[in-house]
Protein chains: 2
Amino acid sequence: MATIKDVAEKACVSIATVSRILNKKGKYSEETESSVHKAAEELGYTPNLTAKRLKTGLTGTIGIAIKEYFLLHYPVLLHTAIKVLNQQNYSVEIILNATMKDCVNLLNRGQFDGLLIAFIDNDEHALRSLIKSRRNFVFLGGSIEREDVNMIEIDYFQGGYIATQHLINLGHDNILFIEDNENLFFTQEIKRGYLFALDESGIQYKENLILYGDHTYSDPGEFTGYNSVRRLISKRQPAKQVAFTKPFRSLEVKAKRHNHQQSGWLRNGREADFSAVLTTDDKIAYGVLKALKDGGLRVPADKSIIGFGNLSSSEYLSTPLTTVEIPLSQMGELGAEILVNNIKRRDSIIKRVKLKIRLAQRETLSKRLT
Amino acid sequence: MATIKDVAEKACVSIATVSRILNKKGKYSEETESSVHKAAEELGYTPNLTAKRLKTGLTGTIGIAIKEYFLLHYPVLLHTAIKVLNQQNYSVEIILNATMKDCVNLLNRGQFDGLLIAFIDNDEHALRSLIKSRRNFVFLGGSIEREDVNMIEIDYFQGGYIATQHLINLGHDNILFIEDNENLFFTQEIKRGYLFALDESGIQYKENLILYGDHTYSDPGEFTGYNSVRRLISKRQPAKQVAFTKPFRSLEVKAKRHNHQQSGWLRNGREADFSAVLTTDDKIAYGVLKALKDGGLRVPADKSIIGFGNLSSSEYLSTPLTTVEIPLSQMGELGAEILVNNIKRRDSIIKRVKLKIRLAQRETLSKRLT
DNA sequence: CTGAAAGCGCTAACAC
DNA sequence: GTGTTAGCGCTTTCAG
């Protein structure tokens, strides 16, 4: 590969001159300019980016740390972020399933000018190193509570709240809530919103209306709210609480976990009546939809459903799924912009944005006849 | 940031020793080893990747050039490729909407050890530079005819063929074919398969059974086969050939193009009867599905449909869409593996793989009653 | 076993 | 306007 030296020799100038001309910096005569360009052209010279980077300390690259689940199911987040970043002439590297600790290393290696950290589990220790490093990064989602980091949040609480409220306004008061298995931050926020809305309307929250789906974020292929609902609606085979059989990762999660094959249990062992369902993920809602269909129930005539996430597929379902729309595109865009400003302008003002969520109203809802 | 020099000073050794120990190369005593590790630890030292790269000439990074349409709608290709690459300790950079010319530059800048080039339009001139550069790259899809490049192809012809044949076997002989607007290589291959299957069964191909949908790959949001079919089935408002109004990009494409708002025209202006539909993209099939529903026709009772691509959403449709499944995951995996072998083993044997396509049979097909 | 030194390709003072 | 030169942080001979 041709180097700057080759070009300099061919054009009979020094390498400094070549560098100046090719970067349009400093002064040079038109004559030398054209001869340098000619030489570069003829040699098919392309500057070595690595050398440039080492010298300038800038990589022109931004990393995006993301879980594979999000890459597979919500590519729009990535897409928007990459588009914005490319527009600003940054290259983008994807880091799959990195922990926050990995992020610290990545940043310290000088490999990136900045990092977009999407939905990563908090790790107080790593977080401190991250902040101390004074590098550029922006959190997208996640559960960081510190106020002194750049972060685009999503108001999951509000999402759970408006969805539940909407159902209540339609006359539903027995609303089944199906959450994923993972006890994630945002799952809990959605549940808080659900409970808050119930409470606000003076509806007593019923423990047997809160179920687990089989959805997990670690295994991208697996999901369903099918079993939970199937058991619930088959009167012959009443759902009942089952014993835990698998070991659990942490004590805290223990009480909220259950074995895959035994999903759909009711906390108090009794049957539950419901006219509407709210899930914490569209994929769970898909399972619910199928379970209801298989159980001979119609949507929305018999049961109403609201999902969460607005997967692109949800629009094309049998009855297009009404769902809570997470503003992921906006998140990617804003996150990328804030990061770039941080880098380019050394803008050190902390930005914390909480994005509102809206309901994508489609066809899985109906009024409750009273 | 701590450098190798800092570590060396702290451990009272030379930088050469630090390098050796941290890279586990050459010989060193256990004593020095532990003191170096200790110093590195205490300083929070992480080797600067850029410097390493400049020195070794290896970046440990692989680029994936992909169109945004694929990122958004078929993230599985990216996903699989990244997973394989990460396993082999490569970083992955995404380059959106690059042309083949861009690929040449990218590779020459020494920014990547290799490039995965997904579904990129051919450019003979750039292709020659690419080959001449003797860098590592693998084409994923696309229409490169030269035999002397690494390439994973997909047998679109076979896909069009088996889909059509399947419909014929079900008794259909008037099969509507709806292609996207872009006159892409693979669209043409699918059509060839369609025509071949018809011909093989002695069915006369009818020009008025070949339509255009509104689908374009450049605008990720837009798609539908809705208009085409809607016009076709509304007897009151016969579809007719319309004049071209927009300027066209190239002469070759001209005859096959039409304005968005005027899609769905029939080539010969006459009405067409059909009992089954084959489309070149699932999204077009979605539009068709809706058009049929809106026109009071049932699927599969009245019309059978086969899509193309197997979007993850297609499984969850009203009636799950029978579709031709492109083995994108396999493509990403194989492509990544071949590329890595090329780089690591300087394996210079050209690999050309043609992946077979299979039908994902779901619920949009029925037998034609004769 | 360890250290000195060359140099990867480039940029940016600094001289002229 | 142009050339000389000193590194950026690291790896890797080559001596010792």
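Being a predicted model, the structure only gives us computed values, none of them experimental.
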Output yes when at least one side-chain N/O atom of A:Thr3 is less than 4.0 Å from OP1 or OP2 of C:dG9, else no.
no

Tell me whether the side-chain N/O atoms of B:Thr17 come closer than 4.0 Å to OP1 or OP2 in C:dG3.
yes

Minimum side-chain heavy-atom gap B:Cys103-B:Ile120 below 4.5 Å:
yes

pair A:Ile95-A:Phe112: side-chain heavy atoms closer than 4.5 Å
yes

Donor-acceptor pair (no angle test) under 3.5 Å: A:Arg20 side chain, D:dG3 base
yes

Can you tell me how far [atom2] of [N] sits from [atom1] of [X], to the nearest Å?
| X | N | atom1 | atom2 | result |
| --- | --- | --- | --- | --- |
| B:Leu22 | D:dT11 | CG | C1' | 12 Å |
| A:Lys5 | C:dG9 | NZ | C1' | 10 Å |
| B:Asp6 | D:dC8 | CG | P | 11 Å |
| A:Lys55 | D:dA6 | NZ | C1' | 7 Å |
| B:Leu54 | C:dA6 | CG | C1' | 13 Å |
| B:Asn48 | C:dC8 | CG | C1' | 13 Å |
| B:Arg53 | C:dG9 | CZ | P | 16 Å |
| A:Ile15 | C:dT11 | CD1 | P | 9 Å |

Among B:Val138, B:Ile152, B:Ile338, B:Asn136, find the residue that satisfies the side-chain contact (heavy atoms from CB on, under 4.5 Å) test when tested with B:Leu116.
B:Val138

Matching residue for B:Ile343 among B:Asn341, B:Leu339, B:Val340 - test: side-chain contact (heavy atoms from CB on, under 4.5 Å):
B:Leu339

Considering all heavy atoms of both residues, which atom of A:Arg20 and which atom of A:Lys27 are nearest to each other, and what is their separation?
CD-O, 4.0 Å

Measure across B:Ala336 and B:Leu85 and return the closest heavy-atom pair with its distance rounded to 0.1 Å.
CB-CD1, 3.5 Å

Pairwise 5' ranking along DNA chain D for A:Ser14 and B:Lys52, keeping only the more 5' one
A:Ser14

Residue pair B:Val13/A:Ala16 against DNA chain C: nearer the 5' end by closest nucleotide is B:Val13

Those residues of residues 25-40 of chain A lying under 4.0 Å from DNA chain C by at least one heavy atom
A:Lys25

Quick check for you: among C:dA4, D:dT11, C:dG9, whose closest atom lies nearest to any side-chain atom of B:Ile4?
D:dT11

Closer than 4.0 angstrom, basic N to acidic O: yes or no for B:Lys67 and B:Asp121?
yes

